[in-house]
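Hydrogens, waters and symmetry mates are skipped; everything else that's a heavy atom, side chains included, is used. Each chain gets a letter, A, B and so on, in the order its sequence line appears, and its residues count up from 1.
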Protein chains: 2
Amino acid sequence: MALYVMKFGGSSVGDIERMQRVAKRIIEKQDEGHQCVVVVSAMGDTTDDLIDQARLLNPNPPAREMDMLMTVGEQISIAMLSMAIHHQGREAVSFTGWQAGFETETEHGRARIVDIRPAKVLNALDAGKIVIVAGFQGTTADGEITTFGRGGSDTTAVALAAAIQADTCEIYTDVDGIYSTDPRIVKCARKLNEISYDEMLELANLGAAVLHPRAVEYAKHNNVRLVVRSSFNYNEGTVVKEEASMEQGAVVSGIAYDKNVARITIRGVNDLPGVLAKMFGELASAKIDVDIIVQSGVMNGKADFSFTVSLEDRLGALNVIENIGGELPYEEVTSEVDLVKVSIVGAGMVSHPGVAAQMFKAISDQGVSIKMVSTSEIKVSCVIEAGKLNDVVSALHTAYGLDTEEQAFVGGPQDRR
Amino acid sequence: MALYVMKFGGSSVGDIERMQRVAKRIIEKQDEGHQCVVVVSAMGDTTDDLIDQARLLNPNPPAREMDMLMTVGEQISIAMLSMAIHHQGREAVSFTGWQAGFETETEHGRARIVDIRPAKVLNALDAGKIVIVAGFQGTTADGEITTFGRGGSDTTAVALAAAIQADTCEIYTDVDGIYSTDPRIVKCARKLNEISYDEMLELANLGAAVLHPRAVEYAKHNNVRLVVRSSFNYNEGTVVKEEASMEQGAVVSGIAYDKNVARITIRGVNDLPGVLAKMFGELASAKIDVDIIVQSGVMNGKADFSFTVSLEDRLGALNVIENIGGELPYEEVTSEVDLVKVSIVGAGMVSHPGVAAQMFKAISDQGVSIKMVSTSEIKVSCVIEAGKLNDVVSALHTAYGLDTEEQAFVGGPQDRR
């Protein structure tokens with residue numbers, strides 16, 4: 001007998017029929033002799049519909065009240081799933097975030113978990129019941145209702161798995177697992193049998209939208225065995241764990257990309273000490289996340305540098321730079337869109353020199369110029385023009401020996417909550 | 001400065017525009033210098049829609065999970081109303097039942113309140129905020145989510161008014177107040193300026209579906225000043241309080257009726273001691289509420305008697321009687337539908353003999369025979385054939401001098417939660 005946490009996203013419980021199928025799937029797990037704790041997201045478009053209604057009343061609603069509103073989406077799901085399980089003849093009991101013991105910080109809309117007191121969950125398991133927990137939500141020590149933000153249900157599942165010492169946390173989604181790259185771009189993408197937390201973290205952060213980075217971090221920190229698999233079939237999925245065996249000696253495990261990239265370039269900045277600190281300090285104060293930063297060599301006491309931000313933050317970043325122009329004189333600031341960041345990720349990279357060079361060559365062989373480069377121990381990222389994305393990803397996938405002969409299963413839109 | 005509890009039912013917050021109007025109404029009350037705690041029901045059909053969905057998954061869902069599901073209706077309302085108030089420039093804060101401190105018994109679907117600990121409500125009021133509380137819901141001492149059943153939001157409002165010692169509890173509905181009878185039947189029905197708790201209780205129990213009886217009981221027990229008024233205009237409404245001044249010397253305050261009546265008649269029962277106790281004990285065990293009971297005189301050691309139950313309980317009651325036929329022999333059991341119970345209610349009745357006789361005469365003048373009679377200190381009820389209901393109610397309304405010249409405002413369907 002093992003203890004499983006099973007997480008189903010919004011599209012897996014998107015309608016009555018899918019809800020029934022999920023109930024059946026859970027019962028099968030119990031029939032195999034296991035204990036099941038299930039985490040669900042809001043059904044399909046429930047949350048979006050609620051948000052649309054709210055905006056009609058208040059285009060700029062308080063975050064606290066948005067949390068009050070949005071948490072009902074998961075509460076509907078848990079009640080419905082419990083009913084479906086009862087209808088199939090098993091005992092189930094549903095819990096909201098606070099009932100399951102999720103205590104969070106006070107930041108509405110993106111609260112972090114500070115503690116989990118899963119007494120009700122454990123008691124219900126001891127009583128032989130299937131436990132269903134609302135994802136994405138908790139309460140503060142003061143009893144205020146909070147949500148975790150995007151990917152919150154993944155985090156609920158992983159954190160709960162850690163708190164109740166589950167043997168495995170299964171993330172059910174609409175794809176078969178983690179792929180070597182986006183199967184919508186590269187038909188011969190390879191489903192990975194195993195991947196390390198660190199690799200997954202890079203892939204998650206880079207927009208391979210199957211698992212939320214925060215959930216992966218949580219899993220790594222608490223050493224939770226994660227399995228990403230399809231809710232539509234019984235294929236094995238991808239195991240995410242501390243040390244993945246390098247599959248077939250591949251140095252690079254996957255190719256990721258991120259289209260949400262804008263570049264800001266500042267030319268002719270006086271090369272004074274503290275200029276960078278000042279500039280990026282101001283950006284941080286404005287809650288603008290800066291990703292890649294590149295500074296050119298200094299010429300005549302002046303430097304050029306550029307950095308990337310998300311598309312939403314482009315105007316905000318320009319605004320910050322323009323406002324500090326008086327204090328930190330520069331000649332010109334420009335911004336650029338229609339860019340994409342392509343990355344190769346692989347734990348084996350550390351011990352294999354020349355991996356980055358191979359990437360640069362594969363990209364330039366496509367006639368594409370590299371605008372920025374950034375590296376970490378297990379990742380190399382290049383910013384290129386967006387139009388060539390598919391060609392570059394395919395070329396890299398081939399170059400690192402990742403192509404398979406089987407065609408990947410490509411599901412519908414991803415569950416993102 | 002006074003402290004108000006204002007309760008708005010589902011039809012008062014049924015769409016975006018109505019929600020905005022309710023927000024405005026609350027702000028006007030605050031502008032008059034008062035503190036406001038608002039109780040709301042689920043918006044329009046939200047709850048019914050959720051129930052319909054649930055039945056698709058499980059025609060017979062567990063009561064606990066139904067409570068989990070149904071409480072989201074009010075949670076949506078409170079969040080939306082708070083957002084609407086914020087949009088109109090005021091501070092509001094919404095609380096679910098458990099946040100507002102409602103502790104209940106464990107009976108799902110019809111839990112009774114055992115305690116209210118309104119610390120969060122009082123703190124928010126002290127901070128100058130408008131407080132919005134979800135009606136109809138609470139949690140048990142174990143943290144299980146419960147609902148109060150029909151009329152539950154009225155009960156939330158009254159109980160909260162008692163707990164925070166509000167000056168007045170206003171029940172906003174879609175009619176102008178409590179009428180001397182149903183204005184849909186009698187166009188010249190009179191809106192009452194005042195009514196006593198006991199009279200209201202009789203009217204509420206008799207199907208004048210504006211205030212739930214449980215809420216009235218709670219108000220009487222805790223001496224909460226209640227006002228029933230329209231959410232669509234600024235008319236004064238009806239004050240419900242301990243001792244109402246008798247309006248224009250009227251002995252009868254109102255005429256109520258109840259169409260949900262079936263009569264069971266048992267003939268030729270051996271007149272043994274304990275027969276009635278046995279029979280009604282069995283009905284009570286089967287959770288069948290018996291209303292009027294009439295026993296005829298005994299002849300040759302055998303008695304006939306009849307009683308009324310709700311239409312839903314008719315078959316169940318027949319079943320109980322047939323099952324105990326062996327133990328308590330009788331000659332025949334029959335049931336009758338197409339009946340209605342008409343009642344006159346008035347605190348002044350006690351000191352005015354002849355009120356009942358006047359009722360019987362008014363009914364027989366309509367060529368209608370009276371099938372059963374039941375009386376209390378402030379009420380006389382007669383069961384008659386349903387077809388003559390309107391004629392009888394109109395005749396009684398005239399007979400007791402209740403007709404007015406103004407035509408009553410008749411709203412839409414009542415808020416029933």
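- B:Q35 places no side-chain N or O within 3.5 Å of a backbone atom of B:G128 that could act as its donor or acceptor partner.
- Note: B:F8 and B:Y172 meet the aromatic proximity criterion, with ring centroids under 6.0 Å apart.
- Heavy atoms of B:Q88 lying under 4.5 Å from chain A are absent altogether.
- Between the B:S82 side chain and the B:A79 main chain, no donor and acceptor come within less than 3.5 Å of each other.
- The minimum heavy-atom distance linking A:S41 with A:G10 is given by the pair CB-N, 3.5 Å.
- Of all the listed residues (B:A84, B:G143, B:P61), the one sharing the greatest number of non-hydrogen pairs under 4.5 Å with chain A is B:G143.
- Most heavy-atom pairs under 4.5 Å with chain A, from the set B:L81, B:D142, B:N60, B:I145: that is B:I145.
- Residue B:V158 comes nearest to B:A215 through the heavy atom pair CG1-O, 3.6 Å, listed as atom of the first residue, atom of the second, then distance.
- Residues of residues 92-114 of chain B having a heavy atom under 4.5 Å from any heavy atom of chain A, listed by number: B:A92, B:V93, B:S94, B:F95, B:T96, B:W98, B:Q99.
- Between A:R90 and A:D31, at least one side-chain N (NZ, or NE/NH1/NH2) sits under 4.0 Å from a carboxylate O, which counts as a salt bridge.
- Neither the backbone nor the side chain of A:E17 comes within less than 4.5 Å of any heavy atom in chain B.
- Interface remark: of the candidates A:A23, A:P62, A:P59, A:P62 forms the most heavy-atom pairs closer than 4.5 Å to chain B.
- With chain A as the partner, the residue from B:R64, B:H86, B:Q20, B:M19 showing the most heavy-atom pairs under 4.5 Å is B:R64.
- A:Q137 places no side-chain N or O within 3.5 Å of a backbone atom of A:T147 that could act as its donor or acceptor partner.
- Note on A:R21 versus A:D15: no salt bridge recorded, every NZ/NE/NH1/NH2 to OD/OE distance being 4.0 Å or above.
- Side-chain atoms of B:S230 never come within 3.5 Å of backbone atoms of B:D174 as a donor-acceptor pair (strictly under, hydrogens ignored).
- Using modelled atom types, one finds no donor on one side chain facing an acceptor on the other under 3.5 Å when comparing B:Y4 with B:E32.
- With chain B as partner, the option from A:Q53, A:M66, A:M68 having the largest number of non-hydrogen pairs under 4.5 angstrom is A:M68.
- Looking only at heavy-atom pairs under 4.5 Å with chain A, the residue among B:I78, B:I76, B:D67, B:L56 that has the most is B:I76.
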